[in-house]
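One structure below.
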Amino acid sequence: MGAFEKFERGVESAVASVFSRAFQSELKPVEITSAVKKAMDTNSATMSRDRIISPNDFVIRLSAKDRETMAQWSEDALIEEITLAVTSYATEQDYTLLGPVRIAFDTDEALKAGSLQVEALIKRGAVAPATSSVQSGHPIIAIGPDRYLLTGAVTVIGRGSECDITVDDTGISRRHLELKTTPNGVIATDLGSTNGSFVEGHKITAATLVDGNTITIGRTNIMFWNSPGTA
């Protein structure tokens, strides 16, 4: 087992950290995003000179008054914007993420209006955005402009929200394809989908993938590589 794998095992249970800041004026979405970025910096873990693991799971606690104000912004839209900002910031800072970015809001009656707390956690998941230029040893897939590291043993791709990667394509079943990482390579398995799964144009039930393979599900192409260095 390499040093990185040992480090990953050590952070799987993740230690929580809290960041807080009081603003002089009414809380704005840009200030929430800035607080999350600062929590990433504060709670990142340095593994080596060129590898920094950043939190990927955040709980943002607001006062009751600010949660009411959030209703005007649309909480779902704000979560989407912060998720994009976190992924972009991790790429800018060359941070490594070990799981998907998750954002949740909570109300803390003890907080005053205009203040917030951010709980930042490192949580491993089945997939993670490929944000670092440093090779991690994990297989990588690309779906359109998005790249994902396969950080877990099993990754499920489909149209359903319960999947590890959700793809908005009506030709894809809710649970369409499974990618299983094994000592002998990554195995792609069709999960009984309606329209089937294809590797290099050939319909498959299950197939071991090799560098540069193109997987097609519905109208969506998925590129596969064994590690980021070959992508």
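Residues Met40 and Phe58 come closest through the heavy atom pair CG-CZ, 3.4 Å. When every heavy atom of Thr131 is checked against every heavy atom of Asp94, the shortest pair comes out as O-OD1, 4.1 Å. Across all their heavy atoms, Ala45 and Ile122 have their closest contact at CB-CD1, 4.3 Å. Of all heavy-atom pairs spanning Asn213 and Val210, the tightest one is OD1-N, 2.8 Å. Here the closest heavy-atom approach between residue Gly99 and residue Ala128 is recorded as N-CB, 3.4 Å. Scanning both residues, Ser44 and Ile52, for their nearest heavy atoms gives CB-CG2, 3.6 Å.
Atom OG of residue Ser115 and atom CG of residue Leu62 lie 8.5 Å apart, to the nearest 0.5 angstrom. Atom CD of Glu178 and atom SG of Cys163 lie 11.0 Å apart (nearest 0.5 Å). How far CD of Glu80 is from OG of Ser74: 9.0 Å, rounded to the nearest 0.5 Å. Between the CD1 atom in Ile204 and the CD1 atom in Ile187 there is a gap of 10.5 Å [rounded to 0.5 Å]. Here CG of Asp76 is found 9.0 Å from CE of Met70. Values are rounded to the nearest 0.5 Å. Taken from CG in Leu97 to CG in Asp57, the straight-line distance is 11.0 Å, to the nearest 0.5 Å.
Using a 4.5 Å cut-off on side-chain heavy atoms (C-beta onward), Tyr89 and Asp41 make contact. Side-chain atoms of Val156 and Leu191, non-hydrogen and from C-beta on, do get closer than 4.5 Å to each other. Side-chain atoms of Arg159 and Val167, non-hydrogen and from C-beta on, never get closer than 4.5 Å to each other. By the 4.5 Å heavy-atom criterion applied to side chains, Ile141 and Leu179 are counted as neighbours. The shortest side-chain heavy-atom distance between Leu209 and Ile215 falls under the 4.5 Å cut-off. Counting heavy atoms from C-beta outward, Thr208 and Asn184 have side chains that stay 4.5 Å or more apart. The shortest side-chain heavy-atom distance between Ile53 and Leu98 falls under the 4.5 Å cut-off. No side-chain heavy atom of Thr205 sits less than 4.5 Å from a side-chain heavy atom of Thr189.
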Using side-chain hydrogen bond (donor to acceptor under 3.5 Å, both in side chains), reason through Ser48 and Asp50 one step at a time and then give a plain yes or no.
CA-CA 5 Å; Ser48 64; Asp50 57 357; 3.0 Å; yes
Candidate pair Tyr95 and Asn56, rule side-chain hydrogen bond (donor to acceptor under 3.5 Å, both in side chains), full reasoning
CA-CA 10 Å; Tyr95 288 156; Asn56 59 292; over 6 Å; no
Apply side-chain contact (heavy atoms from CB on, under 4.5 Å) to the pair Ile140 and Arg147, showing each step before the final yes or no.
CA-CA 7 Å; Ile140 186 171; Arg147 294 190 172 199; 4.2 Å; yes
Please step through side-chain contact (heavy atoms from CB on, under 4.5 Å) for the pair Asp108 and Asp106, ending with a clear verdict.
CA-CA 7 Å; Asp108 188 336; Asp106 195 11; over 6 Å; no
Working note: Thr216 + Asn221, criterion side-chain hydrogen bond (donor to acceptor under 3.5 Å, both in side chains); need CA distance, chi angles, decisive distance, verdict.
CA-CA 5 Å; Thr216 302; Asn221 289 328; 2.8 Å; yes
Using the rule given for side-chain contact (heavy atoms from CB on, under 4.5 Å), can you reason through Met223 versus Thr214, listing the C-alpha separation, both sets of side-chain angles and the distance that settles it, and then say yes or no?
CA-CA 5 Å; Met223 294 296 297; Thr214 299; 3.0 Å; yes
Step by step, work out the side-chain hydrogen bond (donor to acceptor under 3.5 Å, both in side chains) result for Arg219 and Thr170.
CA-CA 8 Å; Arg219 295 179 297 277; Thr170 56; 3.1 Å; yes
Would Asp190 and His176 count as a side-chain contact (heavy atoms from CB on, under 4.5 Å) if you check the C-alpha gap in whole Å, the side-chain angles of each, and the deciding distance to 0.1 Å?
CA-CA 6 Å; Asp190 184 81; His176 195 113; 3.9 Å; yes
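No continuous path of ILVMFWY side-chain contacts below 4.5 Å connects Val101 to Ile157, so the two sit in separate hydrophobic clusters. Tracing side-chain contacts under 4.5 Å through hydrophobic residues (I, L, V, M, F, W, Y), one reaches Trp73 starting from Ile79; they form part of the same cluster. Ile222 and Trp225 end up in different hydrophobic clusters when Ile, Leu, Val, Met, Phe, Trp and Tyr side chains are linked at under 4.5 Å. Residues Val59 and Leu78 fall into different hydrophobic clusters, defined by Ile, Leu, Val, Met, Phe, Trp and Tyr side chains chained together at heavy-atom separations under 4.5 Å. Under a hydrophobic clustering in which Ile, Leu, Val, Met, Phe, Trp and Tyr are joined whenever their side-chain heavy atoms come within less than 4.5 Å, directly or via other members, Leu111 and Ile60 fall into different clusters.
Using a distance-only test at 3.5 Å, with no hydrogens or angles considered, a donor-acceptor pair links the side chain of Asp211 to the main chain of Asn226. The closest donor-acceptor contact from the side chain of Thr166 to the backbone of Glu162 lies at 3.5 Å or more, if one exists at all. Distance alone, capped at 3.5 Å, places no donor-acceptor pair between the Ser197 side chain and the Ser193 backbone. Under a 3.5 Å cut-off, the side chain of Gln93 and the backbone N or O of Ala90 do not form any donor-acceptor pair. For Asp169 (side chain) and Thr220 (main-chain N/O), a donor-acceptor pair under 3.5 Å exists by modelled atom type.
With sequence neighbours excluded, no residue satisfies salt bridge (Lys or Arg N to Asp or Glu O under 4.0 Å) with Arg175.
For Arg67, the CZ atom counts as densely surrounded, since its 6.0 Å shell holds more than 12 non-hydrogen atoms of other residues, nucleotides or ligands.
Among the candidates Asp146, Leu177, Ile143, the single residue satisfying the side-chain contact (heavy atoms from CB on, under 4.5 Å) test with Ile165 is Ile143.
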